[in-house]
Amino acid sequence: MYPFPYPVDEPHWVYPKKDDDLRDAIIKEFRLHPVIAQILVSRGFKSLKQIHDYIYGKLPELHDPFLMAEMPQAVDRVCRAIKDGENILIYGDNDVDGMTGTTLLTEFLQDLGANVYFYVSNRGALRQSLIVEALEYALLNNCKLLITVDCGITAAVEIAKMVEKNVDVIITDHHEPTDKIPHCIATLNPKLLNNPYPNRNLTGVGVAFKLAHGITNQLISEGRITSKKIDLKRYLDLLALGTISDMGSLLEAENRILVRYGLRQLRKGKRMGLSKLISICDIDLNDLSTFTIASKVAPRLNSLGRIDDPRKGVQMLLVKNAEIAEKMAVELDLNNIERQKIERTMSLDVDATIQENPEILRNKAIVMISDKWHPGVIAILSTRISKQYNRPTVMIALDKDMGKGSVRSIPEFPLLPALKECSDLLVNFGGHDFAAGLTVKLDNLEAFKNRFIGLANENLSDSDVMNKLFLDAEIKFNELTFDFMESAKLLEPYGNENPQPILYCEARQVWPPKIVGKNHLKLYLVQDEDDRVLEGVALGRAAQSQNLRRKNLLLKIAFTPQVSRSSIQLLIRDFHIIEEDNHSAEV
């Protein structure tokens, strides 16, 4: 498996921006390789302090949780519930971010001796209301306090009903707020207007952790617990899992700290259910990375929220018994296999529809609707299609007179302003500027489709929807050493907004290419100033073998270098033939 999809068509190369003064200052300050310094310039850093925090951030440098608006009110209410022995309900969203945040607060409060229940939203079926069942569950279990995780910011009407029933509510969420903020005890969300919290990019589990951190600090300062009572580091594995799965920004310094230390905690294998799941994924704990979590662990957990009961995910993350954990991990793996079958069927349907109706791609947005699709899997589809065609994409699964939609977008077209312009046609919507969900009545489907596509056509240019390959730095083969690869680890963890670097250079073929794995090309490359031959794999480019069957072809290659066993290999993202040697002969 590779950490990126192979290209569908030839992308437009976007060369790195230059700032020689900043690059030289980075080299001098941090004694970094010039190519590493250029990568940091390309990633948009403006100051040496930003770069220091990005590379060297440590746990003591996490932001004070009380910088978040309304944190004092939230902490006071939870501490009172613990002291008075009130029942507390943790209500989480049904994805990995919601599951990990729910697990974190449930386990944390249990460790403090609180009476805790948890409930996870099951949104596989179409529903207009997202939190109605939470109220029923809270009343059934006499819970006086309800804490949401990764949801609630757009549920003002439902939360008002809870308050009417004398259930206090604390919202912990990271989605973009709508115009109407719920009226409750406290709303913890770094995206609230005028919120002084420095990290706007916390995920749901990150906000839940901040609440736990605030409660811990207050209880210690009041002398109600000792500093040894709660070790917040033990929850960092959940933070890494949730942040990576929800595509939290890993350019953001605080998220990087949480994920970097969280990966260390994960590798210890102390959380029984998670350890068994990682084993089922056939991952060695020592090889655990952001990529293996995103590609193997997260999809299995997410399959619960898509086609089964997401409460099982929290149960597995909480379980202490090895035998039960093993059974749960196996069941979860089987769920994922079923989810993959459903996804394959739906993907074939979507691809066939686009092939038969090429006019779909004449617009700057894609909106597709079907009554054959599983509503729990459309998010995977919308993500793939949006990336493949570099367009805002809406996939809507129909059920009787209602449609559930998953929306993904590109940087040039933030979603929430567009969805607000369509709000009179929608039952509800919510999410981020690049990933959102919506519910729409059958009667409004065609009007919504036309308006959404119209907004994209008005606001996007042809170049906006062109596939692009963003290059980080130019490099020579003689600079691609093991020392360089070790230095590049400073850029880890990789993930959303901080992908593996893409480098570029010119290189000449020393031998003709070889087709590997049916679809891929292996290239054998050399530079005139360096006799060393480097192997490169060009994914999905086997069909171009004929064009390359000449020695000494000069290519411009864009690639990500990787260490494979005892050698450095190139994962080639794209290449151009730029010169054909007059003496080259067909092989």
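Heavy-atom basis, side chains included; hydrogens, waters and symmetry copies ignored.
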Participant: In terms of side-chain geometry, is the basic nitrogen of Asp464 or Lys364 positioned less than 4.0 Å from the acidic oxygen of its partner?
Facilitator: no
Participant: Can Asp351 and Arg384 be counted as an ion pair, charged N to O under 4.0 angstrom?
Facilitator: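 Salt bridge present between Asp351 and Arg384.
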Participant: For Val78 and Leu145: C-alpha separation, side-chain torsions, deciding distance, then whether side chain to side chain contact (heavy atoms under 4.5 Å, CB included) applies.
Facilitator: CA-CA 8 Å; Val78 176; Leu145 175 62; 4.2 Å; yes
Participant: Given side chains that start at C-beta, do those of Leu318 and Glu107 come closer than 4.5 Å, heavy atoms only?
Facilitator: yes
Participant: Of the non-hydrogen atoms in Thr100 and Leu238, which two are nearest, and what is the gap between them?
Facilitator: CB-O, 3.6 Å
Participant: Quick one: does Leu266's side chain get under 4.5 Å of Leu274's, heavy atoms only?
Facilitator: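 Touching, per the 4.5 Å side-chain cut-off.
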Participant: Using the side chain to side chain contact (heavy atoms under 4.5 Å, CB included) rule, take Leu301 and Met316 through it: C-alpha gap first, then chi angles, then the decisive distance, then the call.
Facilitator: CA-CA 10 Å; Leu301 274 169; Met316 195 188 73; 4.2 Å; yes
Participant: Would you say the side chain of Ile366 lies within less than 4.5 Å of the side chain of Tyr389, judging by non-hydrogen atoms?
Facilitator: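 They are in contact (side-chain heavy atoms under 4.5 Å apart), so the answer is yes.
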Participant: Can you tell if the side chain of Asp574 reaches within under 4.5 Å of the side chain of Trp13, non-hydrogen atoms only?
Facilitator: yes
Participant: Go through it in stages, so that I can follow the logic: the residues are Val207 and Asn189, the test is side chain to side chain contact (heavy atoms under 4.5 Å, CB included), and I'd like the CA-CA distance, side-chain angles, deciding distance and then a yes or no.
Facilitator: CA-CA 7 Å; Val207 181; Asn189 186 332; over 6 Å; no
Participant: Ile171 and Ile153: which non-hydrogen atoms are nearest, and at how many Å?
Facilitator: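 Between these two residues, the closest heavy atoms are CG2-N, 4.2 Å.
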Participant: I'd like to check the ring pair (Phe, Tyr, Trp, His ring centres under 6.0 Å) partners of Phe448; sequence neighbours left out, ordered by chain and number.
Facilitator: Phe452
Participant: Consider only side-chain N and O atoms of His213 and Asp64, and report whether a donor and an acceptor are under 3.5 Å apart.
Facilitator: no
Participant: Using atom types as modelled and distance alone, determine if a side-chain donor or acceptor of Ser386 lies under 3.5 Å from a backbone N or O of Thr383.
Facilitator: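 It does not hold such a pair.
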Participant: For Thr439 and Asn428, test the side chains for any donor-to-acceptor distance below 3.5 angstrom and give the result as yes or no.
Facilitator: yes
Participant: Who are the ring pair (Phe, Tyr, Trp, His ring centres under 6.0 Å) partners of Tyr117, not counting sequence neighbours?
Facilitator: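 Here no residue qualifies.
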Participant: Distance under 6.0 Å and angle within 45° of the ring axis: does Arg311 meet both against Tyr119?
Facilitator: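 The answer is yes; both the distance and angle limits are met.
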Participant: Please report the C-alpha distance between Asn141 and Tyr137 in whole Å, then the side-chain angles of each, then the deciding distance to 0.1 Å, and finally whether the side chain to side chain contact (heavy atoms under 4.5 Å, CB included) criterion is met.
Facilitator: CA-CA 6 Å; Asn141 293 284; Tyr137 195 82; 3.5 Å; yes
Participant: Please enumerate all residues that pass side chain to side chain donor-acceptor pair (under 3.5 Å) together with Glu331, with sequence neighbours excluded.
Facilitator: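 Residues passing side chain to side chain donor-acceptor pair (under 3.5 Å) with Glu331: Lys312.
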Participant: Inspect the surroundings of NZ in Lys191 and state if more than 12 heavy atoms from other residues, nucleotides or ligands are less than 6.0 Å away.
Facilitator: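 Atom NZ in Lys191 is packed in, count exceeds 12.
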Participant: Any pair with a residue in residues 194-211 that passes side chain to side chain donor-acceptor pair (under 3.5 Å), sequence neighbours left out, goes on the list, sorted by first then second residue, please.
Facilitator: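 Matches after skipping sequence neighbours: Glu176-Arg200, Tyr197-Lys210, Tyr197-Glu254, Asn199-Glu254, Asn199-Asn255, Thr203-Thr243, Lys210-Glu254.
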Participant: Whether the Arg300 and Asn335 side chains hold a donor-acceptor pair (N or O, under 3.5 Å, no angle test) is what I'd like checked.
Facilitator: no
Participant: Between Arg339 and Glu343, does any side-chain N to carboxylate O distance fall below 4.0 Å?
Facilitator: yes
Participant: Would you name the heavy atoms of Leu188 and Ala74 that are closest together and state the gap between them?
Facilitator: CD1-CB, 4.0 Å
Participant: Below 3.5 Å, can you tabulate the donor-acceptor pairs from side chains in residues 414-424 to any protein atom, sequence neighbours excluded?
Facilitator:
from: Ser423; atom 1: OG; to: Lys420; atom 2: O; distance (Å): 2.8
from: Asp424; atom 1: OD1; to: Arg451; atom 2: NH1; distance (Å): 2.6
from: Asp424; atom 1: OD2; to: Arg451; atom 2: NH2; distance (Å): 3.3

Participant: State whether the number of non-hydrogen atoms from other residues, nucleotides or ligands found under 6.0 Å of Gln355 atom CD is greater than 12.
Facilitator: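 No.
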Participant: I want to check something: taking the side chain as every heavy atom from C-beta on, are Tyr235 and Phe108 in contact at a cut-off of under 4.5 Å?
Facilitator: yes
Participant: Under a 3.5 Å cutoff, is there a donor and acceptor pairing between the side chains of Asn87 and Asn142?
Facilitator: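 Per modelled atom types, Asn87 and Asn142 side chains form no pair under 3.5 Å.
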Participant: For Phe45, check ring pair (Phe, Tyr, Trp, His ring centres under 6.0 Å) against everything at least two apart and list the hits.
Facilitator: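 Expected list: Tyr54.
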Participant: Quiz question: by atom type and distance under 3.5 Å, do the side chains of Thr393 and Arg408 form a donor-acceptor pair?
Facilitator: no
Participant: Name the orientation class of the two ring planes belonging to His174 and His432 (parallel below 30°, tilted from 30 to 60°, perpendicular beyond 60°).
Facilitator: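 Tilted, since the angle between the ring planes falls between 30° and 60°.
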Participant: Do Arg43 and Asp472 sit within salt-bridge range, that is, some charged N less than 4.0 Å from a carboxylate O?
Facilitator: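 Looking at Asp472 together with Arg43, the answer is yes, because their closest N to O distance falls below 4.0 Å.
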